[in-house]
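Here is the naming used below: chain letters follow the sequence lines, and residue numbers restart at 1 for every chain.
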Amino acid sequence: MAGAATLEAVDNAGAPEAPIQAFTVTLNIRRFDPEKDAEPYWQDFDVELYATDRVLDALHKIKWEQDGSLTFRRSCAHGICGSDAMRINGRNRLACKTLIKDLDISKPIYVEAIKGLPLEKDLIVDMEPFFASYREIQPFLIADSKPKDGKERIQSVAQRARFDDTTKCILCAACTSSCPVFWTDGQYFGPAAIVNAHRFIFDSRDEAASVRLDILNDKEGVWRCRTTFNCTEACPRGIEVTKAIAEVKAAVLRGKPDIPKQ
Amino acid sequence: MSTQNIAAPRSPYLSHRKRNRFNIEKWGWIYMRVSGFLLVFLIFGHLFYNLIFPGKVSILDWAFVAGKFSDPLWMWWDGAMLWLALIHGANGMRTLVNDYAHGRFRSVLLWALGITTVVLLVLGTLVLTTFDPCLGPTDNAELIAICAAQ
Amino acid sequence: MTSQAAPPESPAAPIPEPKRRKLPAGTLYRGREGMWSWVLHRITGTAIFFFLLVHILDTALIRISPEAYDAVIGTYKTPIMGLGEVALVAAVGLHALNGLRIIFIDLFSWGPRAQKAMFWIVVVLWILLLVGFVPRHLMVVFGGH
Amino acid sequence: MSEYLEFEDGDVIDGVHYHRHDVVIVGAGGAGMRAAIEAAPRANTAVITKLYPTRSHTGAAQGGMAAALANVEEDSWEWHTFDTVKGGDYLVDQDAAEILAKEAIDAVLDLENMGLPFNRTPEGRIDQRRFGGHTRDHGKAPVRRACYAADRTGHMILQTLFQNCVKLGVNFFNEFYALDLVMTEVDGVEQPSGVVAYELATGQLHVFQGKSIVFATGGFGKIYKTTSNAHTLTGDGVGIIWRKGLPLEDMEFFQFHPTGLAGLGILLTEGARGEGAILRNANGERFMERYAPTIKDLAPRDIVSRCMVQEVAEGRGAGPHKDYVLLDCTHLGAEVLETKLPDITEFARTYLGVDPVVEPVPVMPTAHYAMGGIPTNVKAEVLRDNDTIVPGLYAAGECACVSVHGSNRLGTNSLLDINVFGKRAGNNAVDYAETAEFRPIPADAAAGVRELVDGLRNSSGTERIGALRKQLQDEMDRNAQVFRTDESLEKVTQTIHELRERYKNVAIHDKGQRFNTDLLEAIELGFLLDLAEVVVYSARNRKESRGGHMRDDYPKRDDETYLKHTMAYLTGDPHSADAADHITLGWKPVVITNYQPMERKY
Ligand SMILES: Cc1cc2nc3c(=O)[nH]c(=O)nc-3n(C[C@H](O)[C@H](O)[C@H](O)COP(=O)(O)OP(=O)(O)OC[C@H]3O[C@@H](n4cnc5c(N)ncnc54)[C@H](O)[C@@H]3O)c2cc1C
Ligand code: HEM
Ligand code: SF4
Ligand code: F3S
Ligand code: FES
């Protein structure tokens with residue numbers, strides 16, 4: 001994964017037959033319990049881990065063996081559900097997709113909640129503002145005309161490929177909460193909402209591109225993006241987020257998206 | 001602390017977004033790029049002429065500028081630069097203010113920014129258009145001739 | 001929930017007492033080229049803006065009287081202001097080059113993908129610009145006469 | 001009546017929130033949201049879900065969704081029915097399988113019309129690929145039947161359904177854990193009247209009164225250690241039904257997917273083999289040729305898993321410990337891998353550091369899918385026994401057992417199942433709600449859950465949740481996995497019993513109200529233990545090998561005795577020592593229409 005500080009290169013770390021060698025890794029976790037703490041604070045935990053373990057495994061080990069009150073979201077454990085976006089060593093990542101071997105374990109691993117959304121507890125933030133932005137861009141196919149033969153709508157391979165990248169989004173919020181513009185006041189629609197708008201604006205079957213372009217041609221819309229690329233770096237699905245935003249900007253300027261005719 | 005007196009989680013999302021017809025953001029965005037592109041030539045031309053071309057900072061004095069301004073090319077050059085750069089900069093500062101200042105503080109800053117910009121635009125334009133090169137000494141022969149003719 | 005009193009402390013397996021650490025609120029976000037170039041763009045843009053305000057005012061003196069203008073401009077001819085001019089050119093240079101990078105990102109479909117490379121090109125061009133300008137300028141400033 | 005509660009929607013009485021909705025859906029995975037899309041426009045609908053809808057595990061499904069569209073080659077729904085029946089080793093209810101195969105076509109078209117971005121053929125129609133066990137003309141050759149979107153079909157389905165729920169303004173209660181079903185006695189029979197849920201964010205209890213209630217809570221793969229299932233798939237819904245004394249069907253049939261990343265269980269879709277990938281043992285031999293000469297690597301999952309385990313058992317496993325086989329994709333080329341199987345390519349790279357483009361990927365079977373669950377009829381109505389329905393109660397998706405999967409589900413049939421039967425559940429739930437009345441809610445509806453929650457929160461026990469769960473999962477992997485014997489099942493029965501005892505003494509660290517996931521994990525563990533017990537108990541009782549249930553000590557299928565569904569009931573004291581004291585097993589006949597059981601050869 002791009003940007004991982006690969007300082008601790010462990011031989012064969014990837015292969016399942018890697019010699020079983022455990023390391024003691026220190027995790028420094030930013031904790032907050034709304035029922036007890038006025039302010040968040042940092043807490044260290046030492047955990048025995050293998051190079052192939054993920055940060056999520058480390059969190060689980062802490063929760064299951066040391067301190068059950070450590071609170072975080074997770075579900076699928078392989079980067080597909082978008083539950084566990086968090087800031088690991090200063091960058092937004094999915095805990096379940098960040099391997100210990102890709103981190104520098106000679107220093108503590110810093111883990112904290114994603115930024116810009118209200119902190120609820122430990123690594124959990126309030127996702128409502130995030131989903132509210134998502135809902136605002138009308139993230140669903142709008143197509144009143146029915147396919148003639150009552151079957152599927154026809155879409156060419158090229159047209160399908162046009163918006164493939166942005167269909168991959170798992171709504172993990174890693175991008176939006178990495179965006180310096182979003183941090184300022186939380187009013188910016190944010191890259192995730194724009195990515196999901198892109199998904200439909202550039203779908204040849206959709207008939208409401210202009211509606212979404214209008215929504216995003218807003219004070220808090222695409223124009224607030226300052227191309228800082230944090231979103232693109234953060235996206236665990238490898239979506240070229242900034243590029244998608246640039247394409248939406250271009251579509252607003254042209255008044256319509258640039259979709260292959262065939 | 002008991003559960004009752006902590007702010008409720010999941011506070012409803014307060015959208016401050018208002019949609020208004022005319023959208024300054026889009027035009028601002030376009031303007032930043034167009035003006036930025038033009039400014040590259042204008043500013044580097046300006047810097048080159050003023051700092052490098054004469055060879056010496058010491059040359060930069062009233063006479064030098066007066067000589068420059070009496071040439072319509074440089075007058076238009078500096079005029080364009082004034083307008084493009086000041087509006088570019090002011091619009092950029094507006095973005096910053098919108099990002100980092102909130103509430104009343106924001107409106108105060110925005111007003112201050114707007115007034116400053118307008119005043120300076122007017123002032124700068126007046127200086128450029130009503131400038132009288134014969135006001136002071138010069139060793140530019142052409143200028144001397146013109147001034148003498150007045 | 002009102003009907004539920006606070007639970008009594010339980011003697012269950014002990015939770016380690018948190019070792020509270022004094023650390024800044026959160027860590028600094030470790031952005032990459034894109035973020036840092038934006039930070040620099042903001043800082044340089046703001047700096048140039050304030051310089052421009054002053055510059056318009058001092059240039060306006062030209063309309064008042066040659067003496068006033070020369071008096072003020074004279075103060076620019078100190079070594080300190082000479083260094084200031086270096087800073088100005090550096091700031092304008094960086095802002096301008098990075099501004100072009102941003103325009104390319106927006107304008108061309110290959111832009112976003114090339115942004116990191118373009119950032120380093122900006123840095124190189126900027127250094128070349130300064131190498132061309134600074135020694136010459138400093139010679140003029142400090143060479144005096 | 002005084003023992004019933006009078007309330008308005010939104011009331012808070014004694015710290016419990018009360019809600020009233022015509023249709024209450026529990027679960028927002030594929031099945032739950034498909035039901036919601038039918039229900040929401042016609043009735044006041046609430047969806048309770050313990051995860052944000054897009055976090056549901058439907059999103060992890062990769063390979064595809066079967067439907068005989070015949071877009072790329074000749075196909076028919078009859079062939080699909082036959083494959084489903086045969087794939088399920090004839091334990092499939094054939095009337096249900098027919099519905100599944102017939103309605104598949106509309107289910108796919110519905111999704112496309114809702115916006116799902118399927119991969120396309122050069123003509124612009126929905127593309128289809130091969131998948132295990134799907135054949136043309138009753139087993140002649142593999143057929144292209146799986147409609148897909150790269151290897152993200154489930155992700156696209158989940159997103160598309162969620163998008164349409166947003167469009168319809170469906171009322172979601174996110175991060176609400178349903179923990180109990182409220183039953184009210186009407187005419188001398190217990191009838192469902194609502195659901196009790198725990199709000200994660202605040203720790204408060206909510207009672208949702210509903211005329212119809214739909215369970216769509218997904219599977220319970222977390223009873224195993226090596227599993228493709230999410231941490232949250234703890235079978236809460238199935239467990240709730242079980243604790244209410246309603247039966248569970250065919251619980252012994254759990255599917256082990258052949259290609260999980262070795263050691264991790266993360267799934268590599270069968271679509272990889274559909275695209276041409278090959279399984280090899282340590283000698284590089286394509287061993288499936290020996291076991292299933294006709295369709296080789298595309299044999300159904302139970303067969304492939306078994307063959308893999310056998311290869312390893314016989315010493316032909318690869319790796320230093322000879323404990324896995326290899327999935328060879330190298331001949332497919334980077335192009336196919338990057339465009340048609342991008343996600344699994346990345347999984348292998350990220351989690352094993354193995355690049356499928358250049359080297360084969362270590363794989364082993366991983367616990368994947370519960371064929372069994374809450375018994376329903378083809379209208380998705382939950383059954384109280386072999387044929388009596390529980391009026392107003394519906395179930396769909398992995399938590400339900402219709403049974404279209406019999407003893408072994410075919411790949412791509414589950415995404416189909418959640419759409420076809422999710423839709424049916426939604427429709428029938430509304431139809432029912434339109435004629436029915438709300439049943440009164442007993443005044444102490446939430447008492448049971450409060451007791452459970454407070455009991456755990458205030459417990460002064462010493463056992464750790466993590467330790468108990470780990471032991472359960474390890475033991476299930478060791479003794480109730482691909483191969484089972486009476487002896488191994490006996491062993492794991494013992495363990496489960498011990499764990500259930502120790503569970504009474506479990507402690508949690510987090511005593512707070514807000515986002516107390518510690519507490520929820522303890523509750524989930526309770527469900528896991530209950531379900532594991534039923535799985536093992538049912539498995540011991542079926543002394544034959546069929547589909548996903550492979551008994552080493554009874555390697556033959558026995559249609560004489562066992563061509564019938566297991567029905568397990570909770571009777572007596574659930575905490576009694578011997579499972580036999582509180583589980584009663586019964587049988588339910590299999591519906592056979594067109595296809596008489598035959599030997600299963602591929
Ligand atoms: C890795 C993987 C790959 C797969 N690939 C394929 C494939 O290619 N083709 C195919 O056909 N099938 C596939 N399957 C199977 C299929 O994806 C699942 O069986 C199906 O998605 C289950 O859908 P569901 O709606 O029943 O449950 P889920 O999607 O699991 O949803 C369960 C829902 O219930 C909610 N819930 C659970 N408990 C509670 C509670 N107590 N209170 C409130 N809400 C609750 C959850 O929040 C969630 O929203 C795959 C499965 C896996 C694991
Ligand atoms: C020399 C040529 C210049 C170029 C090519 C240029 C280019 C740009 C561009 C493209 C932007 C938009 C950045 C974005 O949207 O993310 C911008 C922003 C800005 N510019 Fe310039 N500019 C130039 C000169 C100037 C000058 C002279 C000033 C000062 C008066 C200035 C001040 C600013 C400010 C304050 C911003 C806002 C920064 C932000 O929002 O982050 N620029 N510039
Ligand atoms: S665009 Fe990427 S980072 Fe952003 S929400 Fe979607 S998947 Fe997450
Ligand atoms: S991080 Fe933010 S500024 Fe733009 S490029 Fe991404 S949205
Ligand atoms: S747990 Fe699902 S994305 Fe990490």
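Residues Asp164(A) and Arg152(D) are in side-chain contact: their nearest non-hydrogen atoms beyond the backbone lie under 4.5 Å apart. Put simply, the side chain of Arg54(A) reaches to within 4.5 Å of the side chain of Leu264(D), judged on heavy atoms. Thr167(A) places none of its side-chain heavy atoms less than 4.5 Å from the side chain of Gln159(D). A heavy-atom distance below 4.5 Å is not found between the side chains of Phe140(A) and Met114(D). In this structure, the side chains of Thr54(D) and Ile170(A) stay at 4.5 Å or more apart for every pair of heavy atoms.
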Any chance you could lay out the side-chain contact (heavy atoms from CB on, under 4.5 Å) test for Ser69(A) and Asp518(D), step after step, and finish with the verdict? CA-CA 6 Å; Ser69(A) 70; Asp518(D) 204 19; 5.6 Å; no

Is there a side-chain contact (heavy atoms from CB on, under 4.5 Å) between His57(D) and Cys76(A)? Walk through the geometry before answering. CA-CA 7 Å; His57(D) 212 54; Cys76(A) 71; 3.9 Å; yes

Given the rule in the side-chain contact (heavy atoms from CB on, under 4.5 Å) test, do Glu175(D) and Arg73(A) qualify, once you have shown the distances and angles that lead to the verdict? CA-CA 10 Å; Glu175(D) 300 193 318; Arg73(A) 291 190 177 101; 2.7 Å; yes

Please assess His78(A) against Tyr351(D) for the test ring pair (Phe, Tyr, Trp, His ring centres under 6.0 Å), listing each intermediate value before the final yes or no. CA-CA 9 Å; His78(A) 65 285; Tyr351(D) 295 110; 7.2 Å; no

Could you go step by step and tell me if Gln163(D) and Leu141(A) meet the side-chain contact (heavy atoms from CB on, under 4.5 Å) rule? CA-CA 8 Å; Gln163(D) 288 155 3; Leu141(A) 188 78; over 6 Å; no

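Contacts between Arg349(D) and chain A at a heavy-atom distance below 4.5 Å are absent for every atom of the residue. Heavy atoms closer than 4.5 Å to chain D are found in both the backbone and the side chain of Leu171(A). Heavy atoms of Leu99(A) lying under 4.5 Å from chain D belong exclusively to its side chain. Proximity to chain A is absent for every atom of Leu267(D), based on heavy atoms less than 4.5 angstrom apart. There is no contact between Ile465(D) and chain A, counting heavy-atom distances below 4.5 Å. Neither the backbone nor the side chain of Lys146(A) comes within contact range of chain D, judged by heavy atoms closer than 4.5 Å.
For Arg55(D) (side chain) and Cys81(A) (main-chain N/O), a donor-acceptor pair under 3.5 Å exists by modelled atom type. Lys121(A) places a side-chain N or O within 3.5 Å of a backbone atom of Phe515(D) that can act as its donor or acceptor partner.
Between the CZ atom in Arg120(D) and the CZ atom in Arg160(A) there is a gap of 8.5 Å [rounded to 0.5 Å]. The distance from atom CD of Gln513(D) to atom CG of Asp33(A), rounded to the nearest 0.5 Å, is 11.0 Å.
Comment: Lys151(A) does not engage Glu112(D) in a salt bridge, judged by the lack of any side-chain N to carboxylate O separation of less than 4.0 angstrom. Note on Asp122(A) versus Arg514(D): no salt bridge recorded, every NZ/NE/NH1/NH2 to OD/OE distance being 4.0 Å or above. With respect to the salt-bridge test (charged N to carboxylate O, under 4.0 angstrom), the residues Glu346(D) and Lys97(A) qualify.
Most heavy-atom pairs under 4.5 Å with chain D: of the set Cys169(A), Pro147(A), Gly238(A), this distinction falls to Cys169(A). The candidate from Lys61(A), Gln159(A), Arg199(A) with the greatest count of non-hydrogen atom pairs under 4.5 Å with chain D is Arg199(A). For the options Gly115(D), Ala149(D), Gly466(D), Pro122(D), heavy-atom pairs under 4.5 Å to chain A are most numerous at Gly115(D). Between chain D and the options Gln262(A), Glu65(A), Arg153(A), Arg135(A), heavy-atom pairs under 4.5 Å are most frequent for Arg153(A). Comparing Leu51(D), Asn516(D), Asp343(D) by how many heavy-atom pairs each has under 4.5 Å with chain A, the most go to Asp343(D). Between chain D and the options Ser156(A), Ser83(A), Ala161(A), Ala77(A), heavy-atom pairs under 4.5 Å are most frequent for Ser83(A). With respect to chain D, the highest number of heavy-atom pairs below 4.5 Å among Phe72(A), Phe163(A), Phe200(A) belongs to Phe200(A). The choice from Arg205(A), Arg237(A), His60(A) that makes the most heavy-atom pairs within less than 4.5 Å of chain D is Arg205(A).
Using the six-membered ring where Trp is involved, Tyr52(D) and Phe131(A) have ring planes that are parallel, under 30° apart on the 30 and 60° scheme. Taking the six-membered ring where the residue is Trp, Phe162(D) and Tyr134(A) present parallel rings, their angle staying beneath 30° rather than reaching 60°.
Relative to the six-membered ring of Trp64(A), Arg464(D) misses at least one condition, a distance below 6.0 Å or an angle of at most 45° to the axis.
Residues passing the side chain to side chain contact (heavy atoms under 4.5 Å, CB included) test with Thr121(D) are Val72(D), Glu123(D), Arg125(D), Asp127(D), sequence neighbours excluded. Scanning for side chain to side chain contact (heavy atoms under 4.5 Å, CB included) contacts around Ser56(D) gives Leu158(D), with sequence neighbours left out.
Checked by atom type, the side-chain pair Asn71(D)/Glu152(A) shows a donor-acceptor distance below 3.5 Å. Under the 3.5 Å distance criterion, with hydrogens and angles disregarded, a donor-acceptor pair is assigned to the side chains of Thr517(D) and Lys63(A).
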